[in-house]
2 protein chains.
Amino acid sequence: MPSFGKAGSKTAPTMSDVARLAGVSAMTVSRALRHDGAVSQKTRDKVLAVVDELGYVPDQAAGALSSGRSGLVGMIAPALVNPIFGMVARGLNDTLTPLGLQLFIGFSDYGAEREEHMLESMLRRRPEAIAIASDSRSERAARMLLNAGVPVVEFLHRPATPIRHVVAVDHVAVGRAVARHFAETGRKRLAAIVGRERQTSNTTDRAEGLREGARQAGLAPVRLISAGGPLALAEQGVRAAAEILDNLADIDAVLCPHDITAIAVIGELRRRGARVPDDVAVFGFGDHEVARHTLPALTTIGFNAGLMGVEIGKLMINAFEAARLGRDAAPFNLTLDFEVIVRDSA
Amino acid sequence: MPSFGKAGSKTAPTMSDVARLAGVSAMTVSRALRHDGAVSQKTRDKVLAVVDELGYVPDQAAGALSSGRSGLVGMIAPALVNPIFGMVARGLNDTLTPLGLQLFIGFSDYGAEREEHMLESMLRRRPEAIAIASDSRSERAARMLLNAGVPVVEFLHRPATPIRHVVAVDHVAVGRAVARHFAETGRKRLAAIVGRERQTSNTTDRAEGLREGARQAGLAPVRLISAGGPLALAEQGVRAAAEILDNLADIDAVLCPHDITAIAVIGELRRRGARVPDDVAVFGFGDHEVARHTLPALTTIGFNAGLMGVEIGKLMINAFEAARLGRDAAPFNLTLDFEVIVRDSA
DNA sequence: GTGAAAGCGCTAACAC
DNA sequence: GTGTTAGCGCTTTCAC
């Protein structure tokens, strides 16, 4: 029985431990494990048997260092508690797993500074591609992405000046569609809930679309309700509802940044005696799985978040292929469809 | 101007590139970057200036290989779309970040096989600790955890035979508390929605507690409603509601695995003409942020998921400290409080 | 089909 | 306070 590592605290077996026990070289173990190159069936079986017996698990840090491939794809999203990002992660992960790539997820909590830190620590792991949905972004973070040297896919929201590839929903078009719906259903005075002041984001884009749509329909100018950070979706809704009731009593329709916010808006509005949709129509975003089950059922915007993840993955695969051929994948700009889902709240 | 890498596609600068330009050795760069050991202020400034100029980002795979510390903590959870896990991740991440540790998240989609794969690929990254919430777990996965050689913290649900540390909610006690509430409010025939057949899980534990509580209160035996997988929380609720209406018409109270499920149950029940809570009382779980805003507002169980993450992190830190002293941290078993939140649905 | 040598980019250990 | 040497555990490359 060979001993590896210093006595006492047993160290994990290495590839050469396996090699020794299998009576082959480390190189052969490496090949057997990666189904790479030609290893005879007999040798492979022997190696795998030893691997199993030892419970050997390859050290990917070593492999990454040696091969120059980390096997990692980074994804940075504003928040993990928002199920939209969970669904994107799932789609992306499913697309990447067959290639032997692992998804490394970081979340920024909607903070540019935190995002920058996340990105920096992610870059230390040398990801082979990066998917990022920013709410706001520091100059330095933008520079890091530009110089990352790997495919970067921005998603959910199309920035004014994309790094390279984008998979997004056209939030301005969403806003216009919502305005159209409000106009068609006789609403006159629209409002949009937006986050705290910041650079352009998907929320402000939708508000912009709503404003455009309202103007075209000859409605009153859209009021913006700033009601706190997006981390507390429901809390934001409560504040917004209070703002409407207290200071914007003439508002008869409101677009919310998220279905969860919309539910809270409705709850608070009703609690304080307003009727939904009679007094105020409430429009959500995201088609959260509960949206169809609440009372009133939420009128909202649906889009396929899982598909978004899949498309991000496909874009990356495409870029890998291009790089393999020594080329650069042309910037790719994908706009995913959305759907106006009319239920009862608006 | 020194050139690194082969011409054409520029390679990322390495530590020795920085060293050369700063006129010091690589070791000094390493120290300057890690605020470790003694580096004169002057030297450090010089080094950092070059780092900045070059946009140098250390390769952590190399560092990990050399130091034996990956800087990674793994977390495996059943699903990312369930905000409970997002909140745990946030708490854990916040606790770990000050130590320079990154959270590496994997999700199993409630499948033992997928969990095993996730765990295996995670182990290749040599995490310094592992947090895992399993819904079901393969023998092999259990063995891998046992032999991981790093602190393992199981969370949310206390397994029959824990690997070592546990931070959980007492789901059986939750079930009993729910039974008590139902009994006190005059309910006679209870049901619990559980996932598809599987080993013990937090859902079945709560059902077990409900059963115990019902027995003690002299109520009819609890009916179990198996309504599909936990990935589609709302879908599960719709099915369960149908099952109640179609085949279990005498049920007057139901415990749901999740608030989202509860909302769907209520929606479907009402859609089909049943009144909540008059005909059927509906109890949720998790105190999701919308729970207080739906109509009727959800009666549910609340617990602090963020705190759970923080406690997991503290346990890990404690175990690191013990290991540093050559000891093994004693198995730690933390049970987090929960709260019965009575609102309108039950 | 298999092996030997070299080296990936860092850091531990020790020397000065 | 700083440098040198060696080596972490793999994979690349090339030889056989």
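Quick note: numbers below take in every heavy atom, side chains included, and nothing from hydrogens, waters or symmetry partners. Convention: sequence-line order gives letters A, B, ...; per-chain numbering from 1.
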Review point. Any Lys/Arg nitrogen of A:R114 or A:D135 sitting under 4.0 Å from an Asp/Glu carboxylate oxygen of the other?
Key: no
Practice item. For B:T43 and for A:Y56, find the nucleotide of DNA chain D with the closest heavy atom, then tell me which residue's nucleotide is more 5'. Key: B:T43
Practice item. Using five base pairs at each end, measure the axis-to-axis angle across the helix from C:dG1-D:dC16 to C:dC16-D:dG1 and round it to 10 degrees. Key: 30°
Study note, to complete from the structure: Whether each nucleotide of nucleotides 11-16 of chain D has a protein heavy atom under 4.0 Å at its base (B), only at its sugar-phosphate (S) or at neither (-) is summarised, 5' to 3', as BB----
Point to revise | Candidates C:dG1, D:dT4, D:dC8 - which lies nearest the side chain of A:S40 | key: C:dG1
Review point. What residues, two or more places apart in sequence or in another chain, satisfy side-chain hydrogen bond (donor to acceptor under 3.5 Å, both in side chains) together with B:S16?
Key: B:T14
**Study point:** d(CG, B:D17; P, C:dG9) in whole Å
**Key:** 9 Å
Going by atom type alone, with no hydrogens or angles, which donor-acceptor pairs under 3.5 Å involve a side-chain atom of residues 160-167 of chain A and a protein atom two or more places apart or on another chain?
{"from": "A:R164", "atom 1": "NE", "to": "A:A329", "atom 2": "O", "distance (Å)": "3.0"}
{"from": "A:R164", "atom 1": "NH2", "to": "A:A329", "atom 2": "O", "distance (Å)": "2.8"}
{"from": "A:H165", "atom 1": "ND1", "to": "A:F332", "atom 2": "N", "distance (Å)": "3.0"}

Practice item. Look at B:T28 and D:dG3 and indicate whether a side-chain polar atom (N or O) is within less than 4.0 Å of OP1 or OP2. Key: yes
Check your understanding: Salt-bridged, A:E154 to A:R137, with N to O below 4.0 Å?
Key -> yes
Point to revise | Partners passing side-chain hydrogen bond (donor to acceptor under 3.5 Å, both in side chains) against A:R324 (at least two apart in sequence or in another chain) | key: A:E321
Study note, to complete from the structure: Hits for side-chain hydrogen bond (donor to acceptor under 3.5 Å, both in side chains) against A:R126, two or more places apart or cross-chain, chain-then-number order -> none
Review point. Who passes ring pair (Phe, Tyr, Trp, His ring centres under 6.0 Å) against B:F85, sequence neighbours left out?
Key: none
Check your understanding: Looking across every strand, which nucleic acid part, if any, lies under 4.0 Å from A:S16 by heavy atom: base, sugar-phosphate, or nothing?
Key -> nothing
Study note, to complete from the structure: Rounded to whole Å, CG of A:L65 lies from C1' of C:dC10 at a distance of 7 Å
Check your understanding: Could you state the CG-P distance from B:D59 to D:dC8, rounded to the nearest angstrom?
Key -> 18 Å
Point to revise | A:L33 CG to D:dC10 P, straight-line distance once rounded to whole Å | key: 9 Å
**Study point:** Under the ring pair (Phe, Tyr, Trp, His ring centres under 6.0 Å) test, residues paired with B:F104 that sit two or more places apart
**Key:** A:F104
Exercise for review: Send over the distance from B:K42 NZ to D:dT2 P, rounded to a whole Å.
Suggested key: 9 Å
Exercise for review: Would you please name every residue forming a side-chain hydrogen bond (donor to acceptor under 3.5 Å, both in side chains) with A:S121, sequence neighbours left out?
Suggested key: none
Practice item. Rounded to the nearest angstrom, tell me the gap between atom CG in A:L123 and atom P in C:dG9. Key: 16 Å
